Amino acid sequence: MSWNSKWVRKVICLCLALSVSAICFIPLRSDATTYSDLQKKSQQLKQQKEQAQQQLSQVKSQSQDVFQTLVDLQNQIEKIEEQSSSLVERRDLLEDQIASLDNQIKTLEQTITEERSNMESTLVTMYKWEKVAPSALVLVVTSSVNPELATYALQKVLSGQNDKLESYEDNVKQLQAKREELANAKDEVAQTIASLNTQLASLQSKYDERESLYAELKKEQSKYSSQLAMITQQQAEVSAEIERMLASTKVTSTSKSTGFLKPMSGVITSPFGWRINPLTGSGKDFHTGIDVANQYGTPIKASRTGKVIWAGWKTGYGLCVIIDHQDGYGTVYAHMSRIAVKSGQTISAGSVVGYEGSTGWATGPHLHFEIRIQGEPTNPAKFVQF
Ligand SMILES: [Zn+2]
């Protein structure tokens, strides 16, 4: 039997020594473990992006409309404010003019009062002189010795006073007419101002309303923008994942075939060789096999005819089968959900040895497949095209 105990020990030792490296890590999200899942995700993201772009452009055009309305309203408000302010000036001017007229009227009325009182005293004087001796008038009216002349003089004074009074009274009437005219004009202006103020209040409330709508739209706009950025980033991640997956599936056999069959079809999620430690994301470790992912429970077949030398649990490898092909080659099938063979059994190429799972140190269902030559792991891609 070419499968000697030394070789078995070497395999087991190596398995233990490399058990940490054999932790098979699938660097895909749990919702996208296969190529078709990734394609589906990519399609979904594309749709989401289109939707977000549509919403964003709708909100943008809405907010542009609202902005234009705000500008228009602002212009109307400014125009009315200008009108109103010039009317307020006009009203103030009219008020000043009215106040000045009031002063003039007041002054004239005082003068009239004085004039009346002067006339009254003239009359009193005349009345008194009609009662006393006419000669006494001489003493009063020094320019004349004639009492009749003196009376005449007093009458002249009285008439002059009366003319003055009448002229003052005319003035007052004119001023009052002017004042009434100005007061009417002022009332008209005040009414126009009031109407403009009503218009202003209505425009202002429209403006405030649109302004808060505008703020809302801006908020929505930034929400959709960041959504879009997030989707774009996810798209880049998924694309990179797809690229990586496609690249890994391009691994082809470069050396002669030694009759190994593909143990399971699927996508290569981790190739053989040095790689960044999948657990820490930094530092290198050596991956002793090749990882192939397919649906959980997919049957795994013997790659070549041989004898099962291990069928059971192995640290790191989980449920694991090792086949000795009895010419220095051995194959390892790890992380299975169920084992279909027994140790010591002879098995032919293509027979089911177990089913895909994620037992041992695996973060998702896949097959960890190794080909060993004299116990040393070698790159399975040299022998099997996945
Ligand atoms: Zn692996």
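Please read these numbers as outputs of a predicted model, since none were measured by experiment. Atoms within each ligand, like the ligands themselves, are counted from 1 in listed order. All residue numbers in this chain count up from 1 along the given sequence.
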Result for side-chain contact (heavy atoms from CB on, under 4.5 Å) between L108 and one of D170, T113, V172, N103 points to V172
Taking the ring of F272 and the ring of F286, is the distance between their centroids below 6.0 Å? yes
State which residue, out of Q176, R179, Q97, fulfils the side chain to side chain donor-acceptor pair (under 3.5 Å) condition with D102. R179
Any N/O/S of H287 under 2.8 Å from the Zn ion (ligand 1)? yes
Looking at D291, the N, O or S atom sitting nearest the Zn ion (ligand 1) is OD1
Atom of H368 closest to the Zn ion (ligand 1), considering N, O or S atoms: ND1
Test of ring centre spacing under 6.0 Å for Y329 and F260: yes
Presence of N, O or S from H335 under 2.8 Å of the Zn ion (ligand 1): no
